[in-house]
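All residue numbers in this chain count up from 1 along the given sequence. Order of appearance sets the numbers: ligands from 1, and atoms from 1 within every ligand.
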Amino acid sequence: MIHLQCIACGEKYGVDEIIYSCKRCGDLLEVKYDYEALKTKLKKSDWQRLPLSVWRYKDFMPIHDSSKIVSLSEGGTGLHPCKRLGNLLGVKQLYVKNEGENPTGSFKDRGMTVGVTKAIELGMNNVICASTGNTAASLAAYAAKAGIQCIVLIPSGKIAYGKLAQATVYGARVVQVRGNFDQALKIVLELSEKNRRVYLLNSVNPYRVEGQKSLAYEICDQLNHKAPDKVIVPVGNAGNISAVWKGFSEFYELGFISRLPQMIGIQSEGAAPIAQAVKRGRNEIVPIDQPETIATAIRIGFPISWKKALRAIRESKGTAETVTDREILEAQKMLAKYEGLFVEPASASSIAGLKKLIELEEIDKNEVIVCVATGHGLKDPDVIMQTCERPFEVDAEVKSVEVLLGPSS
Ligand code: F0G
């Protein structure tokens, strides 16, 4: 009922093969289901009575044995109606899906609960990834929960401290590579092909992104079985936008929603190969050798899942846009001040992108918009302390504080 399939040549593989790319043509793989059989299975299941979470959608996941599930209670994150921010920007129905509410503070947990469960099903006890920080933190946590070895490769220098602290405390072997994310990813791709004892959990792993598709399922369920008009997603290595589109497409195929949203990918100006390809109408990306942005999570020059991301954007009749570091920081502060949501810079790029697209008149004020905020702001507090007003010091007396209330009328 479930198999892996190459997105380019269509070659099929068994669901329990340890394989990260097509053996025939080298392209990306995705998990395929027999939707008629899945419909029958779902009719007999009580999934709609379960609380919102990744595992509410267990029947939609490529896992055989529920007893092996490695979970820290992921998913079920808030879809926050943002009236104040919507008014400010000029849209009537704005929602933020706040993925910082996940156990390690990012959407990666949706993928890792499924990916690490698959590793256990496959009998693997070594897992590895390259990461700009969040993937490392998440994999380290799930490996700890499962009691297996974990190695994470991070780029030297540019990684948010909170994420490094997480990966370290969960007990992963943290390896700092003298190079950027793209170089670190190349190493783990080669190593996992060469040495079959280690299981790769970057988003080329087709099982991991299956977990991430639950983000789309949840949005539909939170909007009373409707898809929004537009979903705006920060894009780095491009696994997530592809996963979220797969989730919407599957819910459509299964009859749970009656129309599909448009997918909008946002990249930082200094690391925007996908957005540039979309804007120029190209079918291929031009990789960027030295990607640069304050949003270190998406500081990626050669996104491994670019083909899936372009497909998601084109199939959904969506688009992609770039934002500057200044626009990202401004959006981060706006979301915090107007909605009480503190997200990391990469996450705020979806809000910055929304603002830009409204200014460009590419978004209608009556549309239902969901911005995905991918990770928690506390992961990278340094950025805030560099750009925001510092606390001011006063003498320890009431009157020094009372002046802050202003004159009484
Ligand atoms: N937002 C945050 C907070 C991220 O950490 C990432 C990716 C993205 C957006 C982009 O998602 O790669 O699926 O397009 N972080 C990866 C990491 C690369 O290693 O943590 P994507």
Intermediate values then yes/no, salt bridge (Lys or Arg N to Asp or Glu O under 4.0 Å), E30 and K213: CA-CA 12 Å; E30 64 184 346; K213 74 184 180 183; over 6 Å; no
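Under a 4.0 Å criterion applied to the non-hydrogen atoms of A297, ligand 1 contributes the atoms 2 (C), 3 (C), 4 (C), 5 (O), 7 (C), 15 (N), 18 (C). Numbered from 1 in the order shown, with element, the atoms of ligand 1 that lie under 4.0 Å from a heavy atom of G239 read 13 (O), 14 (O), 21 (P). Residue I298 approaches ligand 1 through these ligand atoms, each under 4.0 Å from one of its heavy atoms: 8 (C), 9 (C), 10 (C). Interface atoms of ligand 1 facing F107, defined by a heavy-atom separation under 4.0 Å, are 1 (N), 2 (C), 4 (C), 6 (C), 8 (C), 9 (C), 11 (O). Contact atoms of ligand 1 toward T132: 15 (N), 16 (C), 17 (C), 18 (C), 19 (O), 20 (O) (distance under 4.0 Å to a heavy atom of the residue). Of all the atoms in ligand 1, the ones that sit under 4.0 Å from a non-hydrogen atom of S131 are 17 (C), 19 (O), 20 (O). Heavy-atom contacts of T374 reach the following atoms of ligand 1: 1 (N), 2 (C), 3 (C), 9 (C) (cutoff under 4.0 Å). When each atom of ligand 1 is checked for a heavy atom of V235 under 4.0 Å away, the hits are 14 (O).
Using cut-offs of 30° and 60° for the angle between ring planes, the F60 and W47 rings count as perpendicular. Using cut-offs of 30° and 60° for the angle between ring planes, the F251 and F256 rings count as tilted.
Among protein heavy atoms, atom 12 (O) of ligand 1 sits closest to N237 N, 2.7 Å. Counting protein heavy atoms only, atom 17 (C) of ligand 1 is closest to T135 OG1, 2.9 Å. Atom 10 (C) of ligand 1 has its closest protein heavy atom at G236 N, 3.4 Å. With hydrogens left out, the protein atom closest to atom 7 (C) of ligand 1 is K108 NZ, 2.9 Å, a heavy atom. Shortest contact from atom 5 (O) of ligand 1 to any protein heavy atom: N134 ND2, 2.8 Å.
Checking S66 against W55 by side-chain atom types alone, no donor-acceptor pair falls below 3.5 Å. For the 3.5 Å distance criterion, the side chains of K230 and Q262 qualify, holding a donor opposite an acceptor. Side-chain contact of Y199 with N205: a donor-acceptor pair under 3.5 Å is present, judged by distance alone. With no hydrogens or angles considered, no side-chain donor-acceptor pair links K68 and T117 at under 3.5 Å. Between Y207 and E121, the side chains place no donor N or O within less than 3.5 Å of an acceptor N or O (distance only, hydrogens not considered). The closest side-chain donor-acceptor pair between T77 and R110 falls under 3.5 angstrom.
Distance check: D229 CG to N366 CG gives 9.5 Å after rounding to the nearest 0.5 Å.
Contact between N202 and ligand 1 is absent, with no heavy atom of the residue lying under 4.0 Å from the ligand.
Across E210, E253, E250, a single residue satisfies side-chain hydrogen bond (donor to acceptor under 3.5 Å, both in side chains) together with Y33, and that is E210. Of the residues listed (K379, Q332, H376, K163), the one engaging E344 in a side-chain hydrogen bond (donor to acceptor under 3.5 Å, both in side chains) is K163, and it is the only one.
For ligand 1, the polar-atom distance check finds an N/O of N240 within less than 3.5 Å of one of the ligand's N/O atoms. Ligand 1 has no N or O atom lying under 3.5 Å from any N or O atom of P234, backbone or side chain. Considering both main-chain and side-chain atoms, Q212 never comes within under 3.5 Å of ligand 1 through any nitrogen or oxygen pair.
Only the backbone of A238 comes within 4.0 Å of ligand 1, judged by heavy-atom distances. Only side-chain heavy atoms of I300 come within less than 4.0 Å of ligand 1; its backbone N, CA, C and O stay farther off.
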